[in-house]
Amino acid sequence: METILVIGASGNIGASVVGILARNDVKVHAAISQKKEINPWAGNDNVKPVIFNFLDQSTYAKAMEGVKKVFFVRPPQLSHPKEEIFPFLTYLTTKAIEHVVFVSLLGVEKNPFTPHHKIEKEIERLQLPYTFLRPSFFMQNLNTTHREDIQKNGDLFIPAGKAKTSFIDTRDIGEVAANCLLNTFKHLQQKYDLTGKEALTYYQIAEIMTTVLGKKITYSKPSLWHFRSVMVRRGKPKEYVNVMVMLYFITKLGNANKVTPVTQQLLKREPTSFKQYVKDYRLAFL
């Protein structure tokens with residue numbers, strides 16, 4: 001039985017990856033940051049929680065015991081890849097690694113200032129066997145990052161202007177990632193642009209949410225500066241907010257509206273629609 005390390009195991013994408021791998025009789029090292037963290041995999045013999053922290057190199061060896069493949073998402077609070085992520089990538093070169101699946105960003109090849117771009121380049125420089133998943137904006141950003149404004153104010157407080165976004169469900173990304181890890185040879189050295197089935201404006205998103213939720217959802221279209229100011233006042237880390245602002249700036253320029261058939265080709269089914277996502281997460285918005 002092979003062993004795969006899943007970093008970000010409790011996140012939206014990672015949880016899907018862990019579940020699919022475990023169901024396919026793969027031993028999963030599910031990375032958690034501390035022992036007191038809740039173990040959602042209790043009773044699943046194929047899943048072993050392991051302590052892992054990019055910033056603590058003493059956690060690497062234990063987490064990597066018997067591991068040949070690694071899946072990871074960049075923790076949003078880590079915005080300096082050279083100091084915070086590269087040491088782990090270098091460590092991987094000392095192991096007989098067969099596959100690294102990294103969740104990057106749609107359009108990353110045109111955005112050298114993003115942490116994702118720098119991580120991709122370092123993985124290539126180190127000649128690690130990789131698959132880069134480059135998804136568009138996550139649907140689940142709405143029930144996490146933007147949930148407060150939707151719940152309390154019935155508003156999409158998002159600085160995306162009138163631009164369209166080809167949203168993708170994180171469950172679809174997780175399924176693609178798991179399939180890549182289960183069929184390594186077919187996906188090595190590939191860069192996949194993953195999107196949903198259509199690109200929507202936030203005005204259209206508000207209309208769909210209004211219909212499904214049965215309550216009025218508006219789109220206030222704040223400026224980038226106003227959005228940043230409010231997020232910082234709410235206590236969000238400035239570097240995290242700055243990355244968000246940069247991504248929404250890219251969206252406003254029209255660089256998030258790309259729709260590709262790749263997700264459907266890899267899943268052999270249509271990507272999850274935005275309407276279905278809202279139905280599935282309905283209680284999170286009420």
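Index from 1, following the sequence.
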Are L78 and L55 side-chain neighbours, meaning at least one heavy-atom pair lies under 4.5 Å? yes

Would you please say whether a donor-acceptor pair under 3.5 Å links the side chains of Y130 and Q190? no

Is a donor from one side chain sitting under 3.5 angstrom from an acceptor on the other, for T59 and N53? no

In terms of side-chain heavy atoms, does K69 have a donor or acceptor partner in T184 at a distance below 3.5 Å? yes

Less than 6.0 Å separating the ring centroids of F52 and F88? yes

Carboxylate-amine/guanidinium proximity below 4.0 Å for E2 and K27: no

Might you confirm whether atom OH of Y91 has over 12 heavy atoms from other residues, nucleotides or ligands at distances under 6.0 Å? yes

Hey, are T3 and H29 close enough side-chain-wise for a donor-acceptor pair under 3.5 Å? no

Evaluate the side-chain proximity of V50 to K62: yes if any heavy-atom separation is below 4.5 Å, no if none is. no

Charged N-O contact under 4.0 Å between K121 and E109: no

Other residues, nucleotides and ligands only: do more than 12 of their heavy atoms fall within 6.0 Å of CD on Q189? yes

What's the verdict on side-chain hydrogen bond (donor to acceptor under 3.5 Å, both in side chains) for D155 and T218, showing C-alpha distance, side-chain angles and the deciding distance? CA-CA 5 Å; D155 182 57; T218 58; 2.8 Å; yes

Can D193 and T260 be counted as having a side-chain donor-acceptor contact under 3.5 angstrom? no

Apply the side chain to side chain donor-acceptor pair (under 3.5 Å) test between Y277 and each candidate in T170, N143, D169, T272; give the one that qualifies. N143

Give the ring-plane orientation class for F167 versus F274, where under 30° counts as parallel, over 60° as perpendicular and anything between as tilted. tilted

Under a 4.0 Å N-O cut-off, is there an ion pair linking K82 with E122? no

Are more than 12 heavy atoms, taken from residues, nucleotides or ligands other than K215, located less than 6.0 Å from that residue's NZ atom? yes

In plain terms, say whether E175 and R269 are close enough for a salt bridge, that is, a side-chain N and a carboxylate O under 4.0 Å apart. yes

